[in-house]
Amino acid sequence: MAAEEESSPLLSSTSTSKTTSTSHKQTVNTKRSVTSESTPLLSSSSSTARYDGEADEHDREEAISTEPRPSDAASSRSTKKSRRWPSFIAMGILGIVVIVIIVLAFIVPEAVQEYAQQAAVIEPTNLALESITTNGVRARIQANFYLDGSRVTNDHVRRVGRATTWVAYQLESDQTKVNVRLPEYDNVLLGSAVVPPLVVNLRDGDVTSFDFVAEIIPGDVEGIRIIANEWLEGRLEKLRLNGEADLSIKSGIVPLGTHTISESLVFEANKIPAIPQYNITRFNVEDGPMEGSMLADVSLSAFNEYPVELDVPELAFDILVPGCAISDQSILVAEAVTKEVHMKPRSDVEAEVKAVIRELPESLTTACPDSTSSPLDNLLRQYMHGDPATFFVRGSHHPDGDTPKWIADILSSVTLPVPFPGRTLDGLIRNFSLTNTHFTLPDPFADPDDPDSNPKVSGNILVTAGLPSEMNFGIDVTNIRATADVLYKSKKMGELNIKEWQHANSTRVEGKGDEGAMLKIESRVIDAPLNITDGDVFSDVVSALLFGGETVRLHVKALVDIKVQTTLGDLTLKEVPAEGKIPVKPLPKGTIGSVDPKVGSLRVLDTTSDSITLQALINVTNPTPYTAHVPYANVHILGNDTVLGSATVENLDITTGPNSNILVTAKWNPPMGGAHGRKIGRDLISQYISGWNTSVTVKAHRDSIPGQRIICKALSRFNITFAAPQLDLPGDTPGEKSHFIRDTTFHFFSSTATFTLVSPLHYNTMYLDFVNATALYNHTDPIGQITYDLPFSAPPGKSQTPRLPVEWSIGSVGYDAVRKAIGGKLKLDAYANVDMRLGNWQESLWYRGTGIGASVQL
């Protein structure tokens, strides 16, 4: 019969047998290693007998039938001679049988032992725990036993064994106590079992069904603890057990003596049963009835793959978590009690566990040496990242009064690591918004490692998070901080680093219908550094905001530290993974045009032959919903795609809506634009003072924000063009264009003219070194020409020029118009070329004015 997976040889590698009448010992090398559930039960001449005793009765009847009856004896005496040969034959047969038994029991035990080792097969069918006693357990064991001679490899041994077992037929044992020891651990007693009398069939192929109850008593608790811990820690490569018993056996009516049986079994590590896989089918945590406590309700399910049936009573356990280091003592966090568990062979097993968590010990929440994380932080980090978090389960030192002491001693001596499945918090964040956003540009004078060297973001954060169904206890968020990656279209744009704790508050919102409960968290984040790491992505975001017209959604992946208040006290949850979307509204169409810059006043700070450095107070309108603080920024001013100068702002605060008196330092320096820069600059100023519709372009460059090359490179891809700032000149009326020449007076007889000039400078005086001007009537008819080469000044505000000589265009329509307007007014145009001087700066400009009011006097 082929050996099946659960079939096992009854005899192992090493056995020692000794009868009570002799001290002879013999050792037999095994022919089959024991590396499975197979368990050798008999050695040498010992065998396991049946429990039902039917074979005993059968043998007894056979033995009794061989004894002569009295009537037969009398008849024998009367017919002694006639019956002599049959008597001799019967006595001879009996003698042969006795001799064979003696030979089998004492002469050929080595061959029989080798046969039994290889041929014996045991098939366990069921193991049930009938009851737990004060000293141990009563276990009902059911199994099938038979000898399979085809398993024996040696032909001689197989023939001798089959012949011997055919003659012996059965072996019967008395009640036997078996002690199991650990020879490699100072021979400590692992346990003992009391096995009732058994009868076993020995003939090849005959099946003996065992069904008996054995008393199993645990041995030294320390030995059990050592083996369990080495197994749990993975240090148990193999386990050698040594069973010892004084076995009294007989075959039929023939006693075979009492033998001291010593059998060794070796289990390899990969053959030792492992902790079964289990599933957590229910997990619920809620506030406890006592202040400062929580209750945990857990249901577990596992499959029992063994033919074992037992009822596990209610047991008490301590739940512990790892300390800072492996060598540190584990930390007690909860006390648990299991309900009675009914275990059936090869079926699912359900277990109910109730645990109470009281005030958390200080060692659990205190930061570890040379670390910022506590044991609780490490445990929660594993759980929230989806990794199994390891708990330790140990039998309680103070069990329920109904728990036998031997069970409490064993369970409390073994600490079992139990992996608790982690749970990722993906999808926990339902909504993430940032409102009242305020931006702060980097401080150019900050050190590279200083947070002020990065842009900063402030705003109101509103987070709606779904609560796991198992969290049914009160929780209040008091503070948050986070580090986050900011992505746009799955590409990382930068990093948001909120190192400082930000005040927060939370509100629990119960779900409707099938929706779970949610937690609404609000916080005001102030000056969170935003480090731009990819200029190209940042450029895409800016482009989408300026020109996209649709809401820009930034994806945030964050690790959040949260301070919460619970029944157990104040806790800090570190590196909680969170994801969300930040919707950023784009700038409305026409936003740039609605900036509407106006220059309030101008002050010249410095001049050179090619440049002017000046300060201006500018009024602008911020049409966006965002505010900003700019410690320092410098941009180029362009005209016709040529750099003509630069502008700088410092410590600028931009609010929504109108912003007044923004101090801007500008430098007019057309040579920055190359060979054509001066001409382009000259034309731009000429157009501007002539009242034409002129525009300027502002563009960032690589040093716009010192130390922020990535941001500057991204911003330099964009040009912002808007109308040239309108000058606030004295006497201007709303809705009218500003005119530098306010009015003109012609003196007809003296052929001179005077002009009222308005200077945009509030603190500096300009000079006109040369004037060549022509006055026109009706846009085309010349009135006269002025040529004047003596310098005169144009101080701040209104001023009047000296009388400038006029050469009339006599006979022209324009001249007639002037003559007819004596004592009155008329509108005229003026074309002029002027040499202007301001400090060291000089420039030749042209002017085209229309609709200039002129008075004509005699």
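Predicted model only: the values in this text are computed from it and were never measured.
Closest approach of Phe303 and Asp348 over heavy atoms only: CD1-OD1, 3.4 Å. Listed here is the closest heavy atom pair of Asp318 and Gly395: OD2-O, 4.2 Å. Across Val556 and Ala484, no two heavy atoms sit closer than the pair CG1-CB, 3.6 Å. Nearest heavy atoms, Asp246 versus Thr176: O-CG2, 3.7 Å. The shortest heavy-atom contact between Thr372 and Asp377 is O-OD2, 4.0 Å. Between Phe283 and Val298, the shortest heavy-atom distance links the atoms CD1-CG2, 3.5 Å.
Counted within 6.0 Å of CZ on Arg282, heavy atoms from surrounding residues, nucleotides or ligands total more than 12; the atom is thus considered enclosed. The number of heavy-atom neighbours closer than 6.0 Å to CD of Glu359, taken from other residues, nucleotides and ligands shown, is 12 or below. Dense packing is recorded around CG of Asp328, with more than 12 heavy atoms of other residues, nucleotides or ligands lying under 6.0 Å away. Environment of NZ in Lys492: crowded, with over 12 heavy atoms of neighbouring residues, nucleotides or ligands closer than 6.0 Å.
Between Lys563 and Asp570 there is no side-chain heavy-atom pair separated by less than 4.5 Å. Here the side chains of Thr478 and His503 are not in contact, with every heavy-atom distance at 4.5 Å or above. Side chains of Leu568 and Ile357 form a contact here, defined as non-hydrogen atoms less than 4.5 Å apart. By the 4.5 Å heavy-atom criterion applied to side chains, Arg140 and Gln142 are counted as neighbours. Looking at heavy atoms from C-beta onward, Val194 lies in side-chain contact with Gln175 at the 4.5 angstrom threshold. You'll find the side chain of Glu340 reaches within 4.5 Å of the side chain of Asp311, heavy atoms only. Between Gln565 and Leu571, every side-chain heavy-atom pair lies at or beyond the 4.5 Å cut-off. The shortest side-chain heavy-atom distance between Ile331 and Pro375 falls under the 4.5 Å cut-off.
In the model, Asp476 has a side-chain atom that pairs as donor or acceptor with a side-chain atom of Ser506 under 3.5 Å. Under 3.5 Å, the side chains of Asn497 and Thr483 contain no donor-acceptor pair of N or O atoms. Between the side chains of Arg524 and Asn460, at least one donor N or O sits under 3.5 Å from an acceptor N or O. Judged purely by distance below 3.5 Å, without hydrogens or angles, the side chains of Asn144 and Ser209 pair a donor atom with an acceptor atom.
With rounding to the nearest 0.5 angstrom, the CG atom of Leu320 is 12.5 Å from the OG1 atom of Thr390. In this structure, CG in Leu364 is found 4.5 Å from CG in Leu376, a value given to the nearest 0.5 Å. The line from CZ of Arg181 to CG of Asp220 is 9.5 Å long, rounded to the nearest 0.5 Å. Interatomic distance, CZ of Phe473 versus CD of Glu286, reported as 11.0 Å (0.5 Å rounding). Atom CD1 of Ile217 is separated from atom OG of Ser192 by 4.5 Å, given to the nearest 0.5 angstrom. Between the CG atom of Asn479 and the CG atom of Asn505 there is a distance of 10.5 Å, given to the nearest 0.5 Å.
A salt bridge links Glu510 to Arg508: at least one charged side-chain nitrogen sits closer than 4.0 Å to a carboxylate oxygen. Salt bridge annotation for Glu215-Arg138: present, with a cationic side-chain nitrogen under 4.0 angstrom from a carboxylate oxygen. Taking the charged nitrogens against the carboxylate oxygens, Arg358 and Glu335 do have a contact shorter than 4.0 Å, which makes a salt bridge. The existence of a salt bridge linking Lys574 and Asp561 is excluded, since no basic side-chain nitrogen approaches an acidic carboxylate oxygen closer than 4.0 Å.
Under the 3.5 Å distance criterion, the side-chain polar atoms of Ser371 are left unmatched by any main-chain donor or acceptor of Cys368. A distance-only check finds a donor-acceptor pair linking the side chain of Asp287 to the backbone of Gly474 [under 3.5 Å]. Judged by distance alone, with hydrogens and angles left aside, the side-chain atoms of Thr338 form a donor-acceptor pair with the main-chain N or O of Leu315 at under 3.5 Å.
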**OP:** Start with the C-alpha distance between Arg240 and Leu182, add both sets of side-chain angles, then the distance that settles side chain to side chain contact (heavy atoms under 4.5 Å, CB included), and finish with yes or no.
**Re:** CA-CA 6 Å; Arg240 181 182 297 275; Leu182 303 173; over 6 Å; no

Subject >> Full working for side chain to side chain contact (heavy atoms under 4.5 Å, CB included) between His555 and Ser490 >> reply: CA-CA 8 Å; His555 187 195; Ser490 302; over 6 Å; no

Original post:
Hey, mind stepping through Lys344 and Val349 against side chain to side chain contact (heavy atoms under 4.5 Å, CB included) and telling me if it holds?
Top reply: CA-CA 7 Å; Lys344 300 293 183 181; Val349 180; over 6 Å; no

Original post:
side chain to side chain donor-acceptor pair (under 3.5 Å) between Ser299 and Glu352: does it pass, once the steps are laid out?
Top reply: CA-CA 5 Å; Ser299 294; Glu352 300 287 335; 2.9 Å; yes

**OP:** Verify side chain to side chain contact (heavy atoms under 4.5 Å, CB included) between Leu190 and Tyr185, making sure each step is shown before the conclusion.
**Re:** CA-CA 10 Å; Leu190 186 62; Tyr185 296 87; over 6 Å; no

